[in-house]
Amino acid sequence: MMTVEELRKIKEETLKHMESKLYKLDKEKIGQKATNRHVLICGGPGCYSSNVEEIKERFVEKIAEKGLENVEVSISGCFGLCESGPNIEIYPDGTFYSRIKIEDVDEIVEKHLCQNEIVERLLNEDAKKEDKILPVHQVDFYKKQEKIALRNCGIIDYNSIEEYIALDGYHALAKVLTEMDRGEVIEVMKKSNLRGRGGAGFPTGRKWETAYKYEADKKYVICNADEGDPGAFMDRSILEGDPHSVLEGMAICGYAVGSDQGYIYIRAEYPVAVKRLRTAIKQAREKGLLGKNILGTGFNFDIELRLGAGAFVCGEGTALMESIEGRRGMPRPKVERTAHKGLWGKPTIINNVETFANVAPIILKGADWFRSIGTEDSPGTKVFALGGKVKNTGLVEVPMGTTLREIIFDIGGGTVGGKKFKAVQTGGPSGGCIPEEFLDTPVDFASLSKIGSIMGSGGMIVLDESDCMVDIARFFLDFTVDESCGKCVPCREGTKRMLEILERITEGEGTPEDLDRLESLAEIITSSSLCGLGQTAANPVVSTLKYFREEYEAHVYEKRCPAGSCQALLQYFITDKCIGCTKCARNCPVSAISGKVKEKHVIDTETCIKCGACMEACPVGAIIKK
Amino acid sequence: MANVTITIDSKKVTVPSGTFIIEAAKEVGIEIPALCYDPNLEVVGACRLCLVEVEGSRKLQTACSTKVWDGMVVHTRSERVVKARKEILQLLLDNHPNDCLTCQKAGECLLQKYAYEYDVKFREHDGDRRPALVDTSSPYILKDDSKCILCGKCVRTCAQVADRQVLTFANRGFNTRIVADIDLSLEESSCVSCNRCVTVCPVGALLDKRLMGKGRPWEFEIKEVKCKVCEYGCDFEVLSRNGKNVAVRAKAPSNGRPLCLKGRLTTEFIYLDEPYTPYKKENGEFKETTWKEALGLDNIIEKLLDKEEISTGVEYNG
């Protein structure tokens, strides 16, 4: 069993070995001398799958070969900039290398580590501005970010509980156990106004208080790690990069509400996260930070994993509990609050990964500190998974209230290939599409819902002019139809009918009545579905109908897809650029092209099967589709 | 428990706190439509037909799962409520075969009843429908998946008897189906033909096969009888048509009564003018059997006959 004193000792000991990479936290120090140097390799989901383990091995070998001393190499959690991975940072200088392959390692060691010469060709493209080499924190992608939930991701070694402890890990747990009574913890959480990061934004402190006040012989704490929005991976990154932050948040919650048992419900499709969590739980138990009599205070709390089979609906609290109980993952009606009667009929607190990751810093730094970040209504930060047609895809943590424009353009670097920005889809399949006119909307719970979208778990998909909004709505609905559990009628039957209509429209067979039917279906599904999945399923359709109705109408009335994306509605044309080489006509498999040599050719659109063979064959780019 | 007074459609009613709206409404004679609700089963809130408007709540609430509170004002037939119910019924009809003319359930079908009440009709459309899977393997139960509305009552009632739990949900979303065990036919499955599921099915998806073609519900005279096989004393109904007892069916499995095939067959044998052939399941196969065997009387009858013969013999010889 460990004491608080020993916890502090571990911190001091470990900090000695971490010196230079800690400069990442203290920007003033970057570039200053340090007793050691650190090669930090990103081990986020994207980079990890690009063989960073091998890259690390090569670094270690090469460094030994060169006889370099005081150079540490470690893989940490996600740096965030997935677009340019695998990423490497070298401290104390904060040099930011990107797209590193195993072949590049030798050069980095020989030049950078041996001769202090930066390998410019491997620098991240944004780490160089007008011949100046920027340290990582000055790169546009990172400049406006502020990290609370991801505070340790990209710094500590996720397999090391000592490094977590070194950065004040488990100190918040020690603080609540030794200095605060349960009511005080609840008060701090309430005052911080930390709102649930899973999507709905319910105030965490109030939720905890409900369970705290309810007498019961057993209470449970559940961490909802069933992240399932297409393209969202913030929870995964936290679990993989800083698993202890979630364990500590859960233990603090357990103390506050009076629970001794926690569960992490995580999808089996996250095998890396599962593995790292298992390691973390084992380490915490060995150190007496989980289990019986934690830190000698008499407080008992343990955590077990429950693997989900990957049903999106199990992210819904009540379905998740059904699943833990060993039943089919279907939501149940909320006859009672889950904070009163949840898992096995006992008071249960269920919070999202990111929510738990915010708990320890709030306890250590106080509610006022937390409230000084973000907005009055939504304090703190939020992690977003930025994806789609944006230059810097990756993971971003910004203070609440940052505008969409700042996230997409300043941090994300705007759209790719000079294409015009069209909309951003937030909140995944439960969210909506936000058009350009609202780009200056601050991102917080209230503002997003006012413009017809939601914060959701934090997916943010950027769409440009080549994306068809009807097709985007169809894509998300296709997902929902697939993931509906089939329990309640509006979701099971209604979303299917909506999808059928959207498919018809994108195939050019939509009718004006279809638009009315979409609206009435959206209304009934939203107002009468059993759970959040159904209640929000129509959002992608409603928001695109609201802001991009003319695109729907173009499909329905003119049988035209303005974005040029719906294959069935495209037509191929030959422009005046045509030189009459006859190549297109010869390549057309259905002989739909006619014309004389050296004269402009014509496509018979009736016969054309839209295979695109002509377009590929044309040597002068005279064939267009619209 | 303390009583609370609530107002439902302008009628005041006092009920114990913790009562669900749907039950409170019954007290003042207001029937709220529901397909998945059964007071004897776990509340699931699946069909969404019992939606009502509760003053002060932005969203419509399901009457089956919302508890009353003092001063609550409920509207069960407001414009908004009726509109929502119509839409839900339309969604169900859009995925239900137009077979009411010959469906055995016609006249007792809740979907039919509510569709009539809310004036919702079948309509043509070219969207997907439930696959027309009909399980005819059992001589006792006909399972027609195309008519199933997935209310899940059958699954819940089957689960109430610990060692049964035969029926379950399979697949998900639009493709959800009710299956027996691991999607076996009723014959291959561990189903014991107790017909609990048949008694709770609100539509024609689970039918008592021995009733089929025996008449329309409105033609029957119904007499309730108690089963005499065991101490549970389950309720059965003897259906007669034109003065002839033509069928026996299980009544709702209320108050922890298991229902069982033996009880139903015994009741059939006692009351029916012309009992039909009994079947017995052996190794996952239904086989025609004798009444003696079906009722488990073969040994007893032989012994009885034997004893009577001996005693008769003694008397005559003596």
Side-chain angles (χ1 to χ4, degrees), chain A residues 309-314 318-319 322 327-337 477-504 509 513-514 517 519-535 537, chain B residues 18 20 35-37 42-53 57-67 80-81 83-96 111 125-130 148-152 155 159 165 168-178:
Chain A
F312 182 65
V313 74
C314 287
T318 55
E322 288 277 298
R327 309 212 272 179
R328 180 181 158 99
M330 295 199 292
R332 46 195 189 206
K334 282 187 183 158
V335 179
E336 311 262 357
R337 292 183 218 191
L477 217 62
D478 189 43
F479 178 87
T480 313
V481 167
D482 222 31
E483 294 295 342
S484 164
C485 76
K487 182 173 184 179
C488 79
V489 179
C491 179
R492 180 184 72 231
E493 308 286 336
T495 55
K496 174 78 176 174
R497 299 304 170 210
M498 281 185 104
L499 177 63
E500 286 173 350
I501 292 173
L502 290 169
E503 282 171 346
R504 265 210 305 277
E509 281 156 23
E513 295 76 52
D514 279 341
R517 183 76 187 130
E519 279 174 340
S520 65
L521 278 169
E523 198 187 317
I524 188 71
I525 296 169
T526 306
S527 66
S528 69
S529 289
L530 169 61
C531 81
L533 188 150
Q535 286 162 15
Chain B
F20 289 119
L35 291 165
C36 70
Y37 175 75
E42 182 193 353
V43 172
V44 290
C47 75
R48 316 306 286 169
L49 213 53
C50 68
L51 286 170
V52 294
E53 219 172 325
S57 295
R58 196 170 44 87
K59 283 197 216 156
L60 296 175
Q61 306 289 326
T62 41
C64 70
S65 65
T66 309
K67 290 179 175 175
R80 205 174 145 210
V81 166
K83 186 165 173 272
R85 286 187 193 151
K86 278 180 172 230
E87 287 270 7
I88 291 167
L89 287 166
Q90 188 70 64
L91 286 171
L92 285 169
L93 286 195
D94 282 351
N95 199 5
H96 195 86
L111 183 59
H125 69 86
D126 54 9
D128 264 7
R129 285 171 185 276
R130 299 182 60 74
C148 176
I149 54 163
L150 296 167
C151 67
V155 175
Q165 311 199 11
T168 183
F169 287 95
N171 303 339
R172 66 182 182 199
F174 194 79
N175 302 319
T176 309
R177 283 172 55 227
I178 305 290

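Only a predicted model underlies this, so the values are computations on that prediction, with no experimental measurement involved. Lettering of chains follows the sequences in order, A, B, ..., and the numbering in each one begins at 1.
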Where B:Y37 and B:C64 come nearest, the two heavy atoms and their spacing: CD1-CB, 3.6 Å
Need one label for [X]: side chain, backbone, both or neither, based on atoms under 4.5 Å from any heavy atom in chain B.
{"X": "A:R492", "value": "both"}
{"X": "A:I524", "value": "side chain"}
{"X": "A:T480", "value": "neither"}
{"X": "A:E503", "value": "neither"}

Let's test your reading of the structure: which of B:D128, B:N175, B:D94 forms the most heavy-atom pairs below 4.5 Å with chain A? B:D128
With chain A as the partner, which of B:L91, B:N171, B:T176 has the greatest number of non-hydrogen pairs under 4.5 Å? B:L91
Does any backbone or side-chain atom of [X] lie under 4.5 Å from a heavy atom of chain A? Answer side chain, backbone, both or neither.
{"X": "B:A170", "result": "backbone"}
{"X": "B:T66", "result": "neither"}
{"X": "B:L51", "result": "side chain"}

Heavy-atom pairs under 4.5 Å with chain B - which of [options] has more of them than the others?
{"options": "A:K487, A:R497, A:E523", "value": "A:R497"}
{"options": "A:L521, A:V489, A:V313, A:I501", "value": "A:V489"}
{"options": "A:G494, A:C491, A:C488", "value": "A:C488"}

If the threshold is 4.0 Å, N to carboxylate O, is there a salt bridge linking [X] and [Y]?
{"X": "B:D126", "Y": "A:R504", "result": "yes"}
{"X": "A:R517", "Y": "B:E87", "result": "yes"}
{"X": "A:R332", "Y": "B:E42", "result": "no"}

Ring centres under 6.0 Å, that's the criterion: do A:F312 and A:F479 meet it? yes
Spatial distance of atom CZ (B:F174) from atom OG1 (A:T495) [nearest 0.5 Å]: 9.0 Å
Is the backbone of B:T62 close enough, under 3.5 Å, to the side chain of B:R48 for a donor and an acceptor to pair up by distance? no
Verify the neighbour count for atom CZ of B:R80: are there more than 12 heavy atoms of other residues, nucleotides or ligands below 6.0 Å? yes
